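The shown structure was predicted, so the numbers you read here are calculated from the model rather than taken from an experiment.
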Amino acid sequence: MTIRRSSLDRAADLREESGVLDRLRADTETRTIVVRDGRVRVVDSALLRVSPNEVGEATWALLGRDEDGTSLLLAALPPETESVDTAPDEIWLGLRDLGGRIDAGETELLVEAIAVAGWLRDARFCPTCGGGTELRQAGWSRRCLSCGREHFPRTDPAVIVAVESADGERLLLGANANWGGRMYSCFAGFAEAGESLESTVHRELEEESGVRLSELRYVSSQAWPFPRSLMIGFRAVVDEESAARPDGEEIIDVRWFTRAEIRTALVGDGPVGLPGPASIARALIVDWLEDRA
């Protein structure tokens with residue numbers, strides 16, 4: 001799931017307007033995306049947009065403008081709240097649930113809403129002095145009431161890599177300990193202080209699978225709001241002299257897969273599972289599979 005070009009107008013021009021959230025909440029034309037515990041309401045494969053006056057206790061932010069120019073707000077509900085009544089045909093779903101079920105524009109809006117809601121929930125206090133903060137820029141910054149520092153939503157870069165054999169006929173995937181060996185995926189890890197993305201790829205692959213790489217190229221990226229990551233996708237070719245082995249801690253098994261095995265696993269057959277359609281990991285695997293189709 002990658003988006004090449006943004007289709008959402010984030011309305012940055014409105015963020016400095018004094019009282020813009022109050023004004024938009026009072027506007028009967030404004031619509032709101034409600035987020036609760038990282039989930040949204042969905043009707044007919046689209047994010048439900050409601051009037052602000054239908055929402056009770058919440059923390060508010062400006063998401064932008066919809067395709068028709070309508071202002072869009074975010075209402076981040078407290079955990080396990082009943083602030084919004086739900087109708088029988090409405091369900092609450094997260095990003096993993098919705099992968100492949102909504103279009104790219106709705107997915108982009110979903111990721112933005114979940115990411116900002118998480119930041120509004122988790123960044124109420126200044127990380128420098130511990131003082132309380134006040135929201136500014138229509139929910140896109142916080143100013144510490146004690147030391148005056150200004151804080152913004154963070155994005156942490158992480159690499160994710162599809163590693164192929166030297167002949168291009170096999171793909172190396174790893175089983176994370178958290179999955180209990182039931183699912184295999186691309187190798188991933190966060191960039192450390194002072195690292196380039198390329199250095200991160202080489203370090204992570206050697207640490208987690210023992211292999212060294214002879215080629216590396218960027219493919220695409222994906223915002224991943226758990227909690228605030230930017231997944232930067234690469235494809236790589238393993239050095240012919242490298243022997244794959246798991247690190248035994250984070251990665252409990254590594255395995256080379258043929259195209260036939262990957263094709264079978266993608267349709268849900270076979271002994272192992274692959275990442276769901278919401279993730280860039282699956283997109284990288286499919287990209288490799290179709291490369292020589």
* **Audit row: E134, R136, salt bridge (charged side-chain N to carboxylate O under 4.0 Å, His left out) steps and yes/no** => CA-CA 7 Å; E134 64 176 0; R136 291 192 167 191; 3.3 Å; yes
What pair of heavy atoms forms the shortest contact from [X] to [Y], and how long is it?
{"X": "A223", "Y": "L230", "result": "N-CD1, 4.0 Å"}
{"X": "V238", "Y": "A166", "result": "CG1-N, 4.0 Å"}
{"X": "P157", "Y": "L197", "result": "CB-CD2, 4.4 Å"}
{"X": "G233", "Y": "L284", "result": "CA-CD1, 4.1 Å"}
{"X": "I262", "Y": "I285", "result": "CG2-CG2, 3.7 Å"}
{"X": "L77", "Y": "A58", "result": "CD2-CB, 3.8 Å"}

Using a strict threshold of under 4.0 Å (side-chain N to carboxylate O), is an ion pair present between [Y] and [X]?
{"X": "D291", "Y": "R235", "answer": "yes"}
{"X": "R259", "Y": "E169", "answer": "yes"}
{"X": "E112", "Y": "R228", "answer": "no"}
{"X": "D66", "Y": "R49", "answer": "yes"}
{"X": "E261", "Y": "R255", "answer": "yes"}

Taking [Y] as the starting point, is it possible to reach [X] by hopping between hydrophobic residues whose side chains are less than 4.5 Å apart?
{"X": "W288", "Y": "V286", "answer": "yes"}
{"X": "L205", "Y": "I252", "answer": "no"}
{"X": "I33", "Y": "L93", "answer": "yes"}
{"X": "V35", "Y": "F226", "answer": "yes"}
{"X": "V237", "Y": "V163", "answer": "no"}

With a 4.5 Å cut-off on side-chain heavy atoms, are [Y] and [X] touching?
{"X": "F187", "Y": "E207", "answer": "no"}
{"X": "V111", "Y": "Q222", "answer": "no"}
{"X": "L14", "Y": "R65", "answer": "yes"}
{"X": "L95", "Y": "I114", "answer": "yes"}
{"X": "P127", "Y": "H151", "answer": "yes"}
{"X": "S221", "Y": "M231", "answer": "no"}
{"X": "S146", "Y": "C126", "answer": "no"}
{"X": "E206", "Y": "V211", "answer": "no"}

Quick check against the 3.5 Å criterion: does [X] have a side-chain atom that pairs as donor or acceptor with the backbone of [Y]?
{"X": "R142", "Y": "G139", "answer": "no"}
{"X": "S279", "Y": "P275", "answer": "no"}
{"X": "S51", "Y": "E54", "answer": "no"}
{"X": "E195", "Y": "E192", "answer": "yes"}
{"X": "D103", "Y": "G105", "answer": "yes"}
{"X": "T30", "Y": "L24", "answer": "yes"}
{"X": "E204", "Y": "V159", "answer": "no"}
{"X": "S165", "Y": "R170", "answer": "yes"}
{"X": "W60", "Y": "D22", "answer": "no"}
{"X": "D97", "Y": "G94", "answer": "yes"}

* To do: For L110 and L47, run side-chain contact (heavy atoms from CB on, under 4.5 Å): C-alpha distance rounded to whole Å, both residues' side-chain angles, the deciding distance at 0.1 Å, then the answer.
  => CA-CA 8 Å; L110 170 66; L47 307 189; 4.0 Å; yes
From [atom1] ([X]) to [atom2] ([Y]), nearest 0.5 Å:
{"X": "I102", "Y": "D44", "atom1": "CD1", "atom2": "CG", "result": "13.0 Å"}
{"X": "D253", "Y": "N176", "atom1": "CG", "atom2": "CG", "result": "12.0 Å"}
{"X": "I232", "Y": "I280", "atom1": "CD1", "atom2": "CD1", "result": "9.0 Å"}
{"X": "Y184", "Y": "W256", "atom1": "OH", "atom2": "CH2", "result": "14.0 Å"}
{"X": "D287", "Y": "S220", "atom1": "CG", "atom2": "OG", "result": "7.5 Å"}
{"X": "L135", "Y": "L120", "atom1": "CG", "atom2": "CG", "result": "6.0 Å"}

* Asked: Quick one: is the NZ or CZ of R36 closer than 6.0 Å to the six-membered ring centre of W92, and within 45° of its axis?
  -> yes
* Asked: Is there a side-chain contact (heavy atoms from CB on, under 4.5 Å) between E150 and Q137 once you walk through the steps?
  -> CA-CA 11 Å; E150 195 166 14; Q137 293 185 309; 4.1 Å; yes
* Under 4.5 Å side-chain linkage, directly or through intermediates, the cluster mates of M183 -> W179
* To do: Walk me through it: do S71 and D27 pass the test side-chain contact (heavy atoms from CB on, under 4.5 Å)?
  => CA-CA 9 Å; S71 296; D27 188 340; 5.9 Å; no
More than 12 heavy atoms of other residues, nucleotides or ligands under 6.0 Å from [atom1] of [X]: yes or no?
{"X": "R124", "atom1": "CZ", "value": "no"}
{"X": "R245", "atom1": "CZ", "value": "yes"}
{"X": "R212", "atom1": "CZ", "value": "no"}

* Run the side-chain contact (heavy atoms from CB on, under 4.5 Å) check on L21 and L62 step by step: do they pass? -> CA-CA 7 Å; L21 290 179; L62 173 65; 4.2 Å; yes
